[in-house]
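Heads up: numbering here begins at 1 and tracks the sequence. Note that this is a predicted model, so its numbers are computed, not measured.
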Amino acid sequence: MHEYDLERYLNVRSAYGASLSPTGRLAFLMDTTGTAQVWTLDDPRGWPQQRTFYEEPVSFATWSPERPELVFGMDEGGNERLQFHRLDAEKNVVTDLTRHPEAKHQWGGWSHDGDRFAFTSNRRDEAVFDVYTQGRDETGTDATRHHEGEGWLSVGGWSPSDDRLLVYESHSNFDQDLYTLDLETDELRHLTPHEGDVRYGSANFGPDGEALYLVTDDDHDTLYLARLDLETLDIERLVVDEDWNVDGVALDDETGRLVYSRNVDGYTELTVADLAGPTDLEELATPDLPEAVAGGVSFSEDADRFAVTVTGTTTNTNVHVVDAEAGDTERWTDASTAGIPLESFRDRDLVRFESFDGLEVPGYLTLPADADERAGEVPVVVDIHGGPESQRRPSFYALGQYFVSRGYAVFEPNVRGSTGYGKAYTRADDVRNRMDSVKDLRAGVEWLHDHPAVDEDRIAALGGSYGGFMVLAALTEYPDLWAAGVDVVGIANFVTFLENTGPWRRELREAEYGSLAEDREFLESISPINNVDAIRAPLFVLHGANDPRVPLGEAEQIAEQASEHVPVEKLVFEDEGHGISKLENRIEAYTRVVEFLDEHV
């Protein structure tokens, strides 16, 4: 049934994170070496030049707007304490910029003259972020601190005149505020006073610096494209879709050209437009891109082109460059499929099922090629996304394609709490409604039971991070539904998780799950560790020792207690954090997972 082994599928490469230089050179990340490194290209589908050579993965790379140099970010062992480095693209010399390995750094962009860059960091206090700027040739303590924060701050970019920064303050994933920070006076001006939870994201200064163009769900269920007047603070709606989110916008503040994206049932629809006036959009040709997921827009110097990353169910991740006016596109990168023919990849089917309370829940089902010939015989891996404020979308998924090639079906539900379907849907699992999302999983499995191809006795649950919690909760709440479970960096105990997660994350997570001060009893009641005796299915637990989000103790406690009455396998990588990023570790980890599922499912 299958021709290629797991290692072959895990060697399918990805090219992403595009940045166009002033001369048109493309920088991007690609994992050809086993970890994502910086590569550059001068021509479409040309021979790429590898620029960084580290064992650790690079997280981003962005060109200077004026010089042949770029800044890239990298942590150590998955600890998420990101450090910045400057690469001279002509001399291939790397300069370490931040030199505070004990602190986190969040990139905030280059100034327009390329002389400075902005960032936030928790150097002063591990639990909060301050705002800094730093000269391109400065290092370490040379950075200038402009504002001391009291929470989670990040920088959204520079004003056209480089005299102000756009600053975000995140109270939760669904509640943000925007500010401008005057770099001469260090005065912080609040732009978005509001009541309740409102998202403000993807904000860009307009060409004159007198307005922001952003997406928000202020007084609306879905995100829409809006203009925020910086004098009056009035918000005017520009593009509203009653059914789907306008989930991002990129704007070139010199030309007024912008690209915004709509998330339509998980698929991306891009619109390119010019600002014909402060609130008037003159639409250009629709980009000729595959039906897939696209994002990460990087404009050329004069915005006549832009680079964008595209990934699809049957198309591995690559960077395309779009002619902004004509809509013509050309794939620039050539990330390998490891010799696996594209036509062998199976497409997802978009499906919906009804949950316990009548809510319609969307998801994706991928069936093996011979499903029609195996009535009632196909095993299923129910693959649950993390977040929980996230969404499973039709992007390329090498492990899922391998499962399907082995005769499994893969089912990916977007249970309540997922993003992409409006504010009400995403908030439907908050705090005391947490277990309703687990009931959605049960409804999804019952829907699978009615599928003519599925063997209802061979259904396994797999998930990472919050998805790992969902696996453990499904196994404890509905033990008779599952043949096996795979928990990857998952939460077993909400109390110990919140006590031990990175201090900078605790407030954000309590906004979603409930607080230790007010909801401890409830958090204990829904923690799988406190119902571990109910588990009947064999369990595989996978974790990274350096995980700053979900500490290793979550894996250790569930593995220890569950092993008293069911078969448990535990695998911990000493050089990984919140997920498994290095190729050799991924091969070892998922080889073990596949062997485990083959044995028990």
Side-chain angles (χ1 to χ4, degrees), residues 14-22 24-30 40-41 44 59-65 70-71 107-110 112 154-158 160 166 201-207 212-215 223-227 238-239 244-264 267-275 281-312 315 317-333 393 395:
S14 298
Y16 59 97
S19 177
L20 283 170
S21 79
R25 174 177 286 175
L26 178 72
F28 58 98
L29 305 182
M30 189 162 62
T40 60
L41 264 176
S59 60
F60 77 91
T62 179
W63 284 108
S64 162
L70 54 79
V71 167
W107 178 251
W110 289 97
H112 290 73
S154 57
V155 174
W158 297 70
L166 175 63
S202 194
N204 305 256
F205 278 99
L212 299 178
Y213 293 83
L214 50 81
V215 298
L223 291 166
Y224 55 88
L225 178 62
R227 179 183 187 272
L238 304 185
V239 178
W244 307 111
N245 285 332
V246 178
D247 57 4
V249 59
L251 186 148
D252 179 72
D253 63 18
E254 294 184 3
T255 64
R257 179 158 289 168
L258 58 83
V259 179
Y260 68 86
S261 61
R262 290 194 308 138
N263 176 347
V264 180
Y267 294 87
T268 301
E269 293 186 1
L270 289 184
T271 300
V272 185
D274 287 333
L275 287 173
L281 300 182
E282 182 179 312
E283 291 191 11
L284 305 178
T286 300
D288 182 23
L289 290 169
E291 184 182 30
V293 181
V297 168
S298 173
F299 286 105
S300 63
E301 186 174 33
D302 55 6
D304 62 337
R305 300 180 302 157
F306 63 89
V308 63
T309 300
V310 178
T311 177
T315 307
T317 306
N318 273 286
V319 176
H320 295 240
V321 175
V322 181
D323 183 306
E325 293 190 2
D328 298 334
T329 68
E330 190 169 16
R331 199 180 94 186
W332 270 52
T333 61
R393 302 183 68 175
S395 54

Keeping the roles fixed (side chain from N204, backbone from S202), state whether a donor-acceptor pair exists under 3.5 Å. yes
Report yes if the side chains of N318 and W332 come closer than 4.5 Å at any heavy-atom pair, otherwise no. no
Minimum side-chain heavy-atom gap V321-P44 below 4.5 Å: no
Output, in order, the C-alpha distance, side-chain angles, deciding distance and verdict of side chain to side chain donor-acceptor pair (under 3.5 Å) for D302 and S300. CA-CA 6 Å; D302 55 6; S300 63; 3.3 Å; yes
Flag the pair L238 / Y260 as yes when at least one side-chain heavy-atom distance between them is below 4.5 Å, and no otherwise. no
Short N-O contact, R305 and E330, less than 4.0 angstrom: no
Using 0.5 Å steps for rounding, measure from the CE atom of M30 to the OG1 atom of T40. 10.0 Å
Evaluate L41 against T333 for side chain to side chain contact (heavy atoms under 4.5 Å, CB included), listing each step before the verdict. CA-CA 8 Å; L41 264 176; T333 61; 4.1 Å; yes
Distance, nearest 0.5 Å, that separates CG of L26 from OG of S21: 8.5 Å
Give, for atom CD of E291 and atom OH of Y267, the distance between the pair rounded to the nearest 0.5 Å. 5.5 Å
Okay, side chain of T268, backbone of A294: is any donor-acceptor separation there less than 3.5 Å? yes
Just verifying a value: how many Å separate L275 CG and L258 CG, rounded to the nearest 0.5 Å? 5.0 Å
Check: W110 side chain, W63 main-chain N or O, donor-acceptor pair, under 3.5 Å: yes
Stepwise side chain to side chain contact (heavy atoms under 4.5 Å, CB included) test for L212 and F205: CA-CA 5 Å; L212 299 178; F205 278 99; 3.7 Å; yes
